[in-house]
Peer 1: 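Before we start, here is the structure in question, set down as C-alpha cells.
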Number of protein chains: 2
Amino acid sequence: MESTQQNDQQRSADRRRRELLEAADRVVLRDGPGASMNAIAAEAGITKPILYRHFGDKGGLYAALAKRHTDALLNSLRAALDAPAERRERVEATLDAYLAAIEARPQVYRFLMHPADAGSPGDPGFDVGKHSLPLLRLMGEELAQVIEDRLDLGPGSQQLARVWGHGIVGMMHAAGDWWLGERPCSRAELVRSLADLLWGRLAAAGDRIGGPGF
Amino acid sequence: MESTQQNDQQRSADRRRRELLEAADRVVLRDGPGASMNAIAAEAGITKPILYRHFGDKGGLYAALAKRHTDALLNSLRAALDAPAERRERVEATLDAYLAAIEARPQVYRFLMHPADAGSPGDPGFDVGKHSLPLLRLMGEELAQVIEDRLDLGPGSQQLARVWGHGIVGMMHAAGDWWLGERPCSRAELVRSLADLLWGRLAAAGDRIGGPGF
DNA sequence: CTAGCATGTTACCTACGGTAACTGGAGTCT
DNA sequence: AGACTCCAGTTACCGTAGGTAACATGCTAG
C-alpha cells in the first residue's frame with residue numbers, strides 16, 4: 001500500500017524534526033539567541049543543509065522553535081486567565097504566571113522576546129519573520145479577546161479592549177524585563193505593584209507637598 | 001602652543017564625528033536598523049576603517065547614534081511631564097508626545113527600539129551594547145523618578161514608583177508599536193484609551209452578563 | 001629636511017546564512 | 001536479480017557582513 005508508506009515517511013520526518021528542534025533548543029538555551037545554524041546542526045549531529053531542508057531558513061527554525069515555548073506560555077496564561085476567582089485575583093495570577101515563566105527560563109525568554117529582527121525591505125533573505133509575528137502581539141490579541149468577552153466597557157469596547165490588551169501585555173513585559181535584570185524585589189511584590197497600578201492607584205494617589213502631582 | 005593645536009584637532013575630530021553621525025542617520029533612516037557599516041561609510045564618502053576608528057565597533061556607532069535621538073525624545077517627554085497642568089492632562093500629554101515622536105519617524109523608532117541584540121557571552125565582539133542600555137530602561141527610570149518625586153504613595157514608594165515607571169513605559173511602548181503597525185484608531189483615541197486604563201477603568205468596569213469578568 | 005601624528009586607503013581575515021551538486025542506501029517495479 | 005526512484009545526508013562553495021593589519025598621504029613642529 002502506498003499511503004502507509006507515506007505515513008511512515010511522514011512520521012519519520014516528524015520525529016526527525018522534533019529531534020532537531022530539541023537539539024536547537026539545547027543550543028539556544030546554552031548560547032542565547034545568537035546561536036548559529038552550524039552550531040545547531042553540530043549539536044544535532046548533522047550538517048547545515050538538513051536544517052535548511054526541514055525549516056527553510058533561519059526564520060523558519062526560529063518560528064518552529066518559538067511556537068513550542070509560545071504555546072506552552074500561552075497555555076499557562078490561559079489557565080490563569082480562566083481560573084474561577086475574582087477579577088483582581090485573576091489578574092494577579094496571570095501576571096504571576098508570566099513572571100514565573102520568564103524567571104524559570106530566562107534564556108528561553110530572551111530568545112522569544114529579542115529575536116534578531118529583519119533587515120531592510122530591499123535586502124535578500126528578507127522573508128524571515130513573515131511567520132510567527134512576535135509573541136507579544138499574540139499575547140496582546142489574546143488578552144484583548146478575553147477583555148472584550150468578559151468586560152462591559154460600553155461603546156467602542158472592541159477597540160478599547162485591544163488597546164488595553166496590548167498595553168497591559170507591554171506593561172507586564174517591560175516590568176518583567178527590568179525586574180529580571182535587577183531583581184529589586186520579590187515576584188509577589190512585583191505582581192502586587194503592577195496590579196495596584198492597573199487598579200487605579202495612580203489616579204487615586206495624593207500629590208506630594210510642594211506642587212501638583214504627576 | 002601645543003594645547004591650541006590639540007584643541008583644533010579635537011574640534012576637527014568632533015566635527016568629523018558629527019558629519020559621520022549625520023550620514024549614518026540618513027542611511028539608517030533609509031535602510032532601517034540593518035544598515036551595514038559599508039553602506040554608512042559610503043554615504044559619508046569614506047571607508048569602513050574610519051568608522052571603526054571613530055566609534056570602535058558597530059555597537060559604538062549605534063550607541064552614539066541612539067544617544068542623539070534618545071536625548072531628543074527624552075527632552076520632549078520631560079517637557080510634557082513638566083507642563084503646568086492637572087495630572088491627567090499631563091499623563092495624556094506625555095503619552096501623546098511619545099506617540100507623536102514614533103509616528104513622525106517610524107524608521108528612527110525601529111532603530112532605537114529593536115537594535116540587533118548581542119550574541120552569546122562567549123562570542124567575540126561581545127562588548128556591543130555595554131554602553132547605552134536600551135531607551136526603554138532610560139525612560140522607565142526617568143518616569144520612576146518623576147513619579148517618586150511628585151506622588152505620595154505611602155510606604156515602599158520608591159520601589160512602587162520604579163515598578164510603575166517601567167510598567168507604564170512598557171505599556172506605552174507596546175501599545176504604540178501595535179498601533180503604529182495597524183493604525184486602528186487616531187492618536188488621540190489611543191491616548192485616551194491608555195489614560196483610561198491607567199485611571200482605573202479596568203477595575204471599575206462591570207462584568208459582562210454570563211459570568212465573572214476578567 | 002626629517003620625525004611624528006592623524007587621516008585615509010587597499011586588501012585581507014573570519015564567520016555567518018544560504019545553496020548547488022554529488023553520494024549512499026532503502027525500497028519498488030519488471 | 002538488476003535498473004529506477006527517492007530521500008537523508010554530505011562536501012564544497014557563494015555572497016555579504018563585521019572587523020583589522022599594513023600601507024600611503026599630508027600637515028605641523030623642531
Side-chain angles (χ1 to χ4, degrees), chain A residues 1-20 23-24 27-28 31-63 115-120 122-129, chain B residues 1-17 19-20 23-24 27-28 31-42 44-63 115-120 122-129:
Chain A
M1 214 207 241
E2 203 187 46
S3 72
T4 53
Q5 168 197 341
Q6 275 186 344
N7 282 352
D8 279 6
Q9 281 174 193
Q10 190 62 28
R11 248 195 334 184
S12 158
D14 281 8
R15 247 190 38 209
R16 198 85 186 87
R17 189 187 164 93
R18 255 194 298 276
E19 289 172 18
L20 297 186
V27 175
V28 166
D31 292 355
S36 84
M37 295 297 268
N38 260 325
I40 294 173
E43 170 71 27
I46 46 135
T47 49
K48 265 195 304 179
I50 314 182
L51 286 182
Y52 284 94
R53 256 214 276 277
H54 274 276
F55 303 104
D57 61 357
K58 192 173 191 175
L61 199 167
Y62 163 78
D117 34 353
S120 57
D123 281 0
F126 183 60
D127 39 61
V128 180
Chain B
M1 212 186 210
E2 202 186 45
S3 72
T4 52
Q5 167 199 341
Q6 273 185 345
N7 282 349
D8 279 5
Q9 281 174 192
Q10 190 61 28
R11 250 195 334 189
S12 156
D14 281 7
R15 248 190 38 211
R16 200 84 185 88
R17 190 186 165 94
E19 289 173 18
L20 297 186
V27 176
V28 165
D31 292 355
S36 85
M37 295 297 268
N38 260 324
I40 293 173
I46 47 139
T47 48
K48 264 195 304 177
I50 312 182
L51 286 182
Y52 284 94
R53 258 214 273 277
H54 273 277
F55 303 104
D57 61 358
K58 193 174 191 173
L61 199 168
Y62 163 79
D117 32 355
S120 57
D123 281 0
F126 181 62
D127 41 60
V128 181

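Convention: sequence-line order gives letters A, B, ...; per-chain numbering from 1. In this text the structure is predicted, and so the values were computed from the model without any measurement.
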Peer 1: A:Glu19 CD to D:dA8 P: how many Å, rounded?
Peer 2: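 So the two atoms are 13 Å apart, to the nearest Å.
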Peer 1: Could you tell me the separation between the CG atom of A:Leu51 and the P atom of D:dT11, rounded to a whole number of Å?
Peer 2: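 Spelled out: CG on A:Leu51 to P on D:dT11 is 14 Å.
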Peer 1: Write down the atom of B:Val27, the atom of B:Ala39, and the distance for their closest heavy-atom approach.
Peer 2: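 Of all heavy-atom pairs spanning B:Val27 and B:Ala39, the closest is CG2-O, 4.0 Å.
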Peer 1: Drop me the distance from A:Lys58's NZ to A:Ile40's CD1, to the nearest 0.5 angstrom.
Peer 2: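 Those atoms lie 6.5 Å apart.
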Peer 1: Let me know the distance between CG of A:Leu61 and P of C:dG18, rounded to the nearest Å.
Peer 2: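 Whole-Å distance recorded here is 10 Å.
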Peer 1: Under 3.5 Å, which N/O atoms of the protein pair with N/O atoms of nucleotides 8-14 of chain C?
Peer 2:
unit_1, atom_1, unit_2, atom_2, d
C:dG8, OP1, B:Arg16, NE, 3.2
C:dG8, N7, B:Arg53, NH2, 2.3
C:dG8, O6, B:Arg53, NH2, 3.3
C:dT9, OP2, B:Thr47, N, 3.0
C:dT9, OP2, B:Thr47, OG1, 2.4

Peer 1: Side-chain polar contacts of residues 41-52 of chain A - donor-acceptor pairs under 3.5 angstrom, sequence neighbours left out - could you list them?
Peer 2:
unit_1, atom_1, unit_2, atom_2, d
A:Glu43, OE1, A:Arg30, NH2, 3.2
A:Glu43, OE2, A:Arg26, NH1, 2.7

Peer 1: Could you check how far CZ of B:Phe55 sits from C1' of D:dG18, rounded to whole Å?
Peer 2: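 After rounding, the gap between these two atoms is 16 Å.
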Peer 1: Rounded to the nearest angstrom, tell me the gap between atom OH in A:Tyr52 and atom P in C:dA21.
Peer 2: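 The distance from OH of A:Tyr52 to P of C:dA21 comes to 18 Å, rounded to the nearest Å.
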Peer 1: Given atom NZ of B:Lys58 and atom P of D:dT16, what is their separation to the nearest angstrom?
Peer 2: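 The distance from NZ of B:Lys58 to P of D:dT16 comes to 15 Å, rounded to the nearest Å.
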Peer 1: Check the distance between C:dG18's P and A:Met37's CE and give it to me in whole angstrom.
Peer 2: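 That distance rounds to 6 Å.
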Peer 1: Could you pull out all residues at least two apart from A:Arg17 that satisfy side chain to side chain contact (heavy atoms under 4.5 Å, CB included)?
Peer 2: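 Once residues adjacent in sequence are excluded, the partners of A:Arg17 under the side chain to side chain contact (heavy atoms under 4.5 Å, CB included) criterion are A:His54, A:Phe55, A:Ala64.
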Peer 1: Rounded to the nearest angstrom, tell me the gap between atom CG in A:Asn38 and atom C1' in D:dT11.
Peer 2: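 It works out to 13 Å between those atoms.
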